[in-house]
Number of protein chains: 2
Amino acid sequence: MDNLKEALKRKGINPSYQRMKIFEYLQGNKSHPTVDMIYKDLSSEIPTLSKTTIYNTLKLFAEKGMINCLLIEGNELRFDPNTSPHGHFFCVKCGAIYDVQLDEDCIEKIKKASSNEGHRVSELQITFRGICKNCLEKLH
Amino acid sequence: MDNLKEALKRKGINPSYQRMKIFEYLQGNKSHPTVDMIYKDLSSEIPTLSKTTIYNTLKLFAEKGMINCLLIEGNELRFDPNTSPHGHFFCVKCGAIYDVQLDEDCIEKIKKASSNEGHRVSELQITFRGICKNCLEKLH
DNA sequence: ATCATTGCAAACACTTTGCATACGC
DNA sequence: GCGTATGCAAAGTGTTTGCAATGAT
């Protein structure tokens, strides 16, 4: 718990109990959870937890560059503690989201395509949609 | 108007007045409009037009592969009549969305990265965020 | 007459806001 | 004690649904 506290402090974030718990949850959960998932999973441990706090906390984390907000499916935000450049595969069948490692050269090349048109690119989101490995196997 | 009618028929879509008008609007408007933009722009011409009809029509067009639905910013769907593979640049300052031409080889390479992990990719969305050319120029 | 399309109103789902309470130094 | 963090309730926003009215053949 102390290392969580230190990690938040280092980012200039006051390490309250809720913030530490949400941060811990994100670290141990790479499934790109929604606010609702975080709420459901943590409210047994923190019965008074409110969604407002989760929204506030995630917004704060995102502002400090600790997590990325993803808009992948429907109207639900998802949160990703992995801020290194990578893509996401969304399974239209089961709704799972997988990280996809991408070739660095390709990412640079693609970023340049946009810069070349005169825009200043700060972020790049690459999202795949299709049917995931697990669902494909179940079809047999 | 007749060529619009034919285009819809060819796709197996009953060419009602509303559908033709919405299709025409999309053809002449490459700014990736939202439902609200379409509604505001067309309701002067079609005073009885309802958003439900726009939603229904766009859903139908998307199912027939005539347009793509984009989830780029906030919680608003955007619609793109250009179904060839390309990326989108979203300006965080003015909200404009630009098409970005992408290197075909790169797209193929990136698609493979995901297929290699065992998933079956059917769609790929590439979205840039940053400050657009116009806004950069205004900063001087 | 029949079937598809339209469009209003209500329901929904996710997010944000306003504000009073509780917490921590 | 004071400033920040929390959390309830209400409002806001985009989308979907239910269903009656309309339109086309």
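Below, chain A is the first sequence line, B the second, and so on; all start at residue 1.
Here D/dT6 presents its C1' atom at 15 Å from NZ of A/Lys59, a figure rounded to the nearest Å. Atom CG of B/Leu77 is separated from atom C1' of D/dG14 by 8 Å (rounded to the nearest Å). Between the CG atom of A/Asn14 and the P atom of C/dG24 there is a distance of 10 Å, rounded to whole Å. Atom P of nucleotide C/dT5 and atom CG of B/Leu58 are separated by 15 Å, given to the nearest angstrom.
Remark: A/Tyr55 is not in phosphate contact with C/dT16, judged by side-chain N or O atoms under 4.0 Å from OP1 or OP2.
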Pick out the pairs of N or O atoms, protein on one side and nucleotides 20-23 of chain D on the other, that lie under 3.5 Å.
none

Close N/O contacts between protein and nucleotides 7-13 of chain D (under 3.5 Å):
unit_1, atom_1, unit_2, atom_2, d
D/dG7, OP1, A/Gln18, NE2, 3.4
D/dG7, OP1, A/Thr48, O, 3.0
D/dG7, OP1, A/Thr48, OG1, 2.7
D/dG7, OP2, A/Ser50, N, 3.4
D/dG7, OP2, A/Thr53, OG1, 2.9
D/dG7, O5', A/Thr48, O, 3.1
D/dC8, N4, A/Thr52, OG1, 3.0

Dump the pairs, protein N or O against N or O of nucleotides 19-23 of chain C, anything under 3.5 Å, distances to one decimal.
none

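Using modelled atom types and a 3.5 Å distance limit, the side chains of A/Asn82 and A/Ser84 yield a donor-acceptor pair.
Atoms CD1 and CD1, from B/Ile38 and B/Ile22 in turn, are 6.5 Å apart once rounded to the nearest 0.5 Å.
The environment of NZ in B/Lys133 is sparse: at most 12 heavy-atom neighbours from other residues, nucleotides or ligands sit within 6.0 Å.
Closest to the side chain of B/Thr57, from the set C/dT6, D/dT4, D/dT15, is C/dT6.
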